[in-house]
Amino acid sequence: MAQKPSTPKGTRDFTPAEVAKRNYIFDKIKSQFEKFGFQPIETPSFENSETLMGKYGEEGDRLIFKILNSGDFLSKANEEAYKEKDSLKITSSISEKALRYDLTVPFARYVVQHQSEIEFPFKRYQIQPVWRADRPQKGRFREFFQCDADVVGSESLWQEVEFVQLYDAVFSELGLEGVTIKINNRKILSGFAEVIGEQDRLIDFTVALDKLDKIGEEGVKKEMREKGISEVALEKIRPIFSLKGSFSEKTEILSGILNSSETGKQGIEELKFVHRAISELTLKTAALELDVTLARGLNYYTGAIFEVAAPENVQMGSIGGGGRYDDLTGIFGLKNVSGVGISFGLDRIYLVMEELRLFPATVTQNTKILFINFGEAEALYALRAIQKLRSTGIAAELYPDAAKMKKQMNYANKREIPYVVLAGPEEVMAQRYGLKNMISGEQEKVSIEDLAKHLK
RNA sequence: GUGGUUGUAGCUCAGCUGGUUAGAGCGCCUGAUUGUGGUUCAGGAGGUCGCCGGUUCGAACCCGGUCUUCCACCCCA
């Protein structure tokens with residue numbers, strides 16, 4: 001063999017067994033989405049660059065895969081940028097399309113574009129791959145699937161409540177117990193910034209705060225100081241670094257810190273509302289936890305922020321996230337449409353389930369019975385039975401070549417096909433099929449009618 | 001994007017301070033067994049040592065670049 005071929009960095013092939021497991025997860029998510037009243041849409045894998053660029057911050061722009069224009073793109077390139085070797089500047093003149101980076105922004109585009117056909121509130125789900133030009137590492141790929149459910153056109157907090165239930169429903173269905181649904185509210189974060197008089201540094205502030213569990217209180221404070229946040233300000237919000245206790249106890253403390261901020265108080269009320277409803281309705285296997293350090297995610301969240309953490313004994317980043325964005329469609333010209341949504345990270349859920357061995361043994365669909373090929377006449381005789389078995393819903397197949405018995409048996413064995421039929425001249429004569437159980441090794445001769453019965 | 005790490009047979013890996021024809025286990029193929037797999041035994045095939053260049057009498061081994069793997073940062077599902 002010449003140079004061994006390979007997939008591009010950060011992408012993967014999926015074997016039959018992997019596809020079966022992935023479909024298992026997809027099916028569970030999909031069925032819950034539909035039970036909650038969401039309808040599927042799909043959008044193109046690539047969008048016009050201007051739809052995507054600038055929506056995810058500077059960092060996001062860098063991670064968007066750009067598609068080179070067709071034809072003689074260089075002759076139309078920005079001359080000045082080309083001479084200066086300014087990659088950033090030249091991009092817009094040689095690339096007009098880009099691979100989608102997430103499902104939320106294309107969805108916003110979809111809503112604005114189809115606004116006259118949509119009944120609001122619009123509940124849609126979307127399960128498609130997205131691409132990011134990131135450096136791969138564990139649980140991080142350059143091509144991965146997102147499973148999104150969003151509602152647009154309603155400001156009701158009952159949606160937030162339902163999304164918490166939806167997370168709980170999906171993970172319970174998957175047998176993935178003990179996940180933590182972390183919730184926070186952008187208004188609380190804004191409240192913090194307001195109280196310390198650093199509204200302008202909200203992003204810097206939240207990005208630093210988000211790292212609390214990773215770099216600790218001192219690390220966060222250090223980063224905040226470097227960003228220009230004063231010592232007095234840090235002292236004012238000190239309690240949030242060691243926020244402990246129940247949901248109610250936490251909101252109690254927050255009320256104390258945020259009593260001078262209207263926005264902050266509103267955030268607390270919203271959290272309390274969701275928490276009260278969930279306490280009343282109860283969750284199956286997940287836990288709802290208030291986490292004020294939760295700030296990551298796209299800077300368009302305006303209300304609730306969600307993130308789902310894998311069970312504690314697994315080392316994995318978040319396996320889901322979401323939140324409310326009051327003005328997402330605003331960037332495409334449609335004002336006053338509030339949306340809220342959540343996302344499931346299929347690839348990471350897969351890794352977690354694999355690690356915890358949560359896939360049922362039955363996910364892999366396999367051929368139930370293989371007919372040994374003895375030659376032309378016998379093959380035809382076998383296909384008669386195969387036809388019949390298939391019509392009753394049994395996956396059956398004929399080995400395509402009249403190869404040596406050993407080779408054919410070996411094939412059945414390797415593929416873990418549980419039954420083999422040996423029907424040579426003798427069986428054809430007697431109008432019987434030699435049915436062999438590959439696990440027990442037992443063998444018997446049965447009629448075509450009895451074949452199916454034996455496989456049940 | 002920054003710093004580090006990895007690459008030898010289909011797979012998992014040995015390969016001494018640079019020194020003849022680069023090894024093992026598993027897998028694969030053939031036969032023992034021309035109508036019976038998973039066990040056993042005998043034999044066999046399979047490698048531009050990631051790629052390009054440099055140093056050297058001589059490179060899998062040293063140096064540079066590049067691609068890939070994994071990790072940390074950034075960011076994120």
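Just so you know, these numbers come straight off a predicted model, no measurement behind them.
Put simply, CZ on A:Phe344 is 12 Å from C1' on B:rA77, counting in whole angstrom units. Atom CD in A:Glu59 sits about 8 Å away from atom P in B:rC76, given to the nearest Å. For the pair A:Arg142 CZ and B:rC70 P, the interatomic distance rounds to 12 Å; values are reported in whole Å. Distance A:Gln408 CD to B:rU34 P: 15 Å, rounded to the nearest Å. Rounded to whole angstrom, the span from the CG atom of A:Asn373 across to the P atom of B:rU34 amounts to 19 Å. Rounded to whole angstrom, the span from the NZ atom of A:Lys404 across to the P atom of B:rG31 amounts to 4 Å. Rounded to whole Å, atom P of B:rC75 lies 17 Å from atom CD1 of A:Ile64. The NZ-C1' distance, from A:Lys227 to B:rC74, rounds to 11 Å in whole Å.
Here the nucleotide nearest the side chain of A:Arg135, chosen from B:rU69, B:rU2, B:rC74, is B:rU2.
Residues forming a salt bridge (charged side-chain N to carboxylate O under 4.0 Å, His left out) with A:Lys436 (at least two apart in sequence, or on another chain): none. In this structure A:Glu378 satisfies the salt bridge (charged side-chain N to carboxylate O under 4.0 Å, His left out) test with no other residue, sequence neighbours excluded. Every salt bridge (charged side-chain N to carboxylate O under 4.0 Å, His left out) that A:Lys453 has, sequence neighbours left out, goes to A:Asp450. Among residues two or more places apart in sequence or in another chain, the salt bridge (charged side-chain N to carboxylate O under 4.0 Å, His left out) test is passed with A:Glu427 by A:Lys445.
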Its dot-bracket string being built from Watson-Crick and G-U pairs below 3.5 Å, with | for another strand and [ ] for crossing, RNA chain B has the pattern ((((..(..((((.....[...)))).(((((.......))))).....(((((..]....))))))..))))....

Atom pairs, protein N/O to nucleotides 35-37 of chain B N/O, distance under 3.5 Å:
from, atom 1, to, atom 2, distance (Å)
B:rG35, O6, A:Glu426, N, 3.4
B:rG35, O6, A:Glu427, OE1, 3.4
B:rG35, N1, A:Glu427, OE1, 2.9
B:rG35, N1, A:Glu427, OE2, 3.2
B:rG35, N2, A:Glu427, OE2, 3.0
B:rU36, O2, A:Lys436, NZ, 3.0
B:rU36, N3, A:Gln443, OE1, 3.0
B:rU36, N3, A:Gln443, NE2, 2.9
B:rU36, O4, A:Gln443, NE2, 2.6
B:rG37, O2', A:Asn413, ND2, 3.2
B:rG37, N1, A:Met438, O, 2.6
B:rG37, N2, A:Asn413, OD1, 2.8
B:rG37, N2, A:Met438, O, 2.5
B:rG37, N3, A:Asn413, OD1, 3.1

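Separation of the C1' atoms belonging to B:rC49 and B:rC61 is 10 Å when rounded to the nearest angstrom. For the P atom pair drawn from B:rG37 and B:rC28, the interatomic distance equals 14 Å after rounding to whole Å. Taking atom P on both B:rC41 and B:rG25, the two are 12 Å apart, rounded to the nearest angstrom.
Within residues 13-42 of chain A, no residue is approached by RNA chain B to less than 4.0 Å at the level of any non-hydrogen atom. Contacts of residues 202-214 of chain A with RNA chain B (heavy atom under 4.0 Å): A:Val207, A:Lys211, A:Lys214.
Each ring-ring contact (aromatic ring centres under 6.0 Å, His included) pair with one or both residues in residues 207-226 of chain A, not counting sequence neighbours, would appear here, but there are none. Residues in residues 424-450 of chain A take part in these ring-ring contact (aromatic ring centres under 6.0 Å, His included) pairs, two or more places apart or across chains: A:Tyr381-A:Tyr433.
A salt bridge is absent between A:Lys21 and A:Glu18; no separation between the charged side-chain nitrogens and carboxylate oxygens falls under 4.0 Å.
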What pairs of donor and acceptor atoms, side-chain ones from residues 337-351 of chain A against any protein atom, are under 3.5 angstrom apart with sequence neighbours left out?
from, atom 1, to, atom 2, distance (Å)
A:Ser338, OG, A:Arg324, NH1, 2.7
A:Ser338, OG, A:Asp326, OD1, 2.8
A:Ser343, OG, A:Asp148, OD1, 2.7
A:Asp347, OD1, A:Arg12, NH1, 3.1
A:Asp347, OD1, A:Arg12, NH2, 2.7
A:Asp347, OD1, A:Arg22, NH1, 3.0
A:Asp347, OD2, A:Phe145, N, 2.9
A:Arg348, NE, A:Gly139, O, 2.8
A:Arg348, NH1, A:Ser318, O, 3.0
A:Arg348, NH2, A:Gly139, O, 3.4
A:Tyr350, OH, A:Glu354, OE2, 3.4

Side-chain polar contacts of residues 170-179 of chain A - donor-acceptor pairs under 3.5 angstrom, sequence neighbours left out - could you list them?
from, atom 1, to, atom 2, distance (Å)
A:Ser172, OG, A:Asp168, O, 2.6
A:Ser172, OG, A:Thr285, OG1, 2.7

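Side-chain N/O atoms of A:Thr43 and A:Gln126 include a donor and acceptor closer than 3.5 Å.
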